[in-house]
Amino acid sequence: MNEYDSNRIYDIAAIIGYNKTFIKREADCYVLNTCHIRNKATEKVYDEIGRVKKDFKNLKKPLVVVSGCVAQAESEEMIKREPYIDMVIGPQSYHKIGDLILKYERKKEKINETEFDVVKKFDELQKIPNSQNKISSYLTIQEGCDKFCHFCVVPYTRGPEYSRPFEQIINEVKNLVSKGTKEITLLGQNVNAYNYNQKYKLSSLIKSLSNIKNLKRIRFTTSHPKDMTDDLIDCYKDYKKLMPFLHLPIQSGSNKILKLMNRKHDREYYMSIIEKLKKVNKDIKISSDFIVGYPGETEKDFQDTIELVKKIGFVNSYSFIFSPRPGTPAAKKKLNNLAENNKRLVELQNILENFQYKNNKMYLQQDCEVLIENKLNNQEKYFGRTKHMTPVIFESSNCHIGELANVKITSFNQKNLFGVHLTNKIKAA
Ligand code: SF4
């Protein structure tokens, strides 16, 4: 989502004459768009500001803006702690960045803009064309969260669940497709909670987007198990453009831990969703997120996670040791033993990596459909992804970026597939 937001920040700043530069020391304005999900996010911001200070030591100081979720969480505190920062802008206020820069240029006073103004943000953003012209583009359709998992800062930094107007999204996708986008990934902290005016759900969006000529692939992320409703599950049967790959975080395989996390689902419910998905589309693959060593996790709880992982056979998953986020209920809990957590993480990651390896092995000597995203520098080699998001690097003397290519897989490793191009396979959309 930060990639989408960063691109939109560029679009807005361009209106007041600020253009993107790839040479850091040339910048008049330096925007650090931050994410609060990762461990020690706040300290990383100050470290980065330290590097900017060094880079500009003998140069004119740029206007320094911290935007995103760390700015929202820390707000005024950042300006007090680091005088080099001129402005903090929350994730629901970045549509104002052009006006705020002009205001700063006039008054030279520090600015703290961290209001939750999400409706206004998207109303304003829709007036400014999205300049992305990538084969695979991101598009935010939903923001915020009402679930309040005890470890997570999102409900505090992004605010309550909000769904963008249906037509606004369709228009933005059409605009991206007219500029060359072939694959769209719909984004939201709870993307499958999308519900506009109690009338349009995520399944309605997928249905409408499927009718857009030249859009070849549709994906969405990130979903909450509770919002995997039957109409959405059926989309994996009804719409071929919806790719058979779903990121569905479970976090733990232990019901006790899921309850302590306030996840609002148990493992049996999660398993029932997976069963339904496999029933409607046997080609579907699932990835997930796992938190290891959540406060109160015993070896038995951890083994419940391992058992679930083996049962489902996830691909492409993310796993981390629990780390407290200030202001969340879990931050007050006693931490588990770090050595034990590390041991568990290694055990889990070995199993996940092994599944990934075995999954990639299944492609060997098979033909697979790849959406070509770009050409590798100075080589007759291209990069693309399978329907299941696996990266593919392949040789070809006759293919075009943006096409669906038929590639024979000749080798693999845990992360990538390698192959040769057979034929171009352009599907009538
Ligand atoms: S559902 Fe996701 S975004 Fe919402 S609180 Fe839980 S982890 Fe955070």
Side-chain angles (χ1 to χ4, degrees), residues 1-5 33-42 68-73 90-92 116 118 121 138-164 185-195 201-202 219-229 232 246-267 269-270 273-274 286-297 301 305 308 314 316-333 348:
M1 189 172 283
N2 271 23
E3 189 174 326
Y4 175 85
D5 290 346
N33 193 23
T34 59
C35 172
H36 208 289
I37 294 286
R38 296 299 166 104
N39 196 10
K40 300 194 181 87
T42 310
C69 290
V70 177
Q72 186 70 42
Q92 307 306 8
F116 279 142
V118 66
K121 177 176 87 174
Y138 292 126
L139 179 78
T140 297
I141 65 163
Q142 182 278 342
E143 280 201 28
C145 182
D146 299 339
K147 308 281 191 303
F148 288 91
C149 299
H150 282 177
F151 53 83
C152 182
V153 289
V154 165
Y156 311 98
T157 55
R158 291 262 172 181
E161 287 174 5
Y162 165 79
S163 297
R164 288 181 66 187
T185 302
L186 305 172
L187 301 175
Q189 273 91 26
N190 261 264
V191 71
N192 57 343
Y194 178 84
N195 188 335
K201 297 172 74 180
L202 181 56
R219 304 182 188 275
F220 59 88
T221 198
T222 292
S223 300
H224 191 285
K226 231 181 157 330
D227 295 314
M228 282 309 298
T229 48
L232 183 56
L246 175 68
H247 184 65
L248 193 63
I250 181 161
Q251 310 297 1
S252 169
S254 153
N255 279 342
K256 181 190 104 188
I257 296 298
L258 288 171
K259 203 155 187 204
L260 286 175
M261 288 175 167
N262 194 30
R263 280 292 289 175
K264 301 184 171 70
H265 65 82
D266 58 19
R267 64 180 268 149
Y269 178 77
Y270 186 91
I273 296 292
I274 304 295
I286 314 291
S287 70
S288 196
D289 291 339
F290 298 92
I291 294 175
V292 172
Y294 191 77
E297 184 190 77
D301 297 318
T305 301
L308 177 121
F314 294 97
N316 260 349
S317 296
Y318 300 92
S319 48
F320 302 96
I321 290 175
F322 168 78
S323 61
R325 296 293 178 271
T328 59
K332 297 182 199 124
K333 305 279 181 208
L348 174 63

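Whatever order the structure lists them in is the order used to number ligands and atoms, beginning at 1. In this text, all values refer to a predicted model and were calculated from it rather than measured experimentally.
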Looking only at non-hydrogen atoms, find the nearest pair between A41 and V70 and report the distance.
-> CB-CG2, 3.9 Å

How far does CG of L260 sit from CZ of F151, to the nearest 0.5 angstrom?
-> 12.0 Å

Looking only at protein heavy atoms, which one is nearest to atom 8 (Fe) of ligand 1, and how far off is it?
-> C152 SG, 2.3 Å

When the ring centroid of F148 is compared with that of Y156, is the distance short of 6.0 Å?
-> yes

What's the shortest distance from atom 4 (Fe) of ligand 1 to any protein heavy atom, and which residue and atom give it?
-> C145 SG, 2.2 Å

Pairwise distance CD1(I291) to CG(L348) - rounded to 0.5 angstrom | 12.0 Å

Close approach, R263 and ligand 1, non-hydrogen under 4.0 angstrom = yes

Looking only at protein heavy atoms, what sits closest to atom 1 (S) of ligand 1 is H224 CD2, 3.4 Å

Record the part of T222 in heavy-atom contact with ligand 1 below 4.0 Å; permitted values are side chain, backbone, both and neither.
-> neither

Within 4.0 Å of some non-hydrogen atom of P155, the atoms of ligand 1 are 5 (S)

Is ligand 1 under 4.0 Å from a heavy atom in the side chain of F151, in the backbone, in both, or in neither?
-> side chain

So D227 and K147, salt bridge (Lys or Arg N to Asp or Glu O under 4.0 Å) or not? Walk me through it.
-> CA-CA 11 Å; D227 295 314; K147 308 281 191 303; 2.9 Å; yes

Atom 8 (Fe) of ligand 1 to nearest N/O/S of C149 below 2.8 Å | no

Classify the contact between P249 and ligand 1 as side chain, backbone, both or neither, using a heavy-atom distance cut-off of under 4.0 Å.
-> neither

So which heavy atom on E161 is nearest to which on A193, and how close?
-> OE1-CB, 3.7 Å

Residues R263, D289: salt bridge by 4.0 Å N-O rule = no

What atoms in ligand 1 come closer than 4.0 Å to a heavy atom of F148?
-> 5 (S)

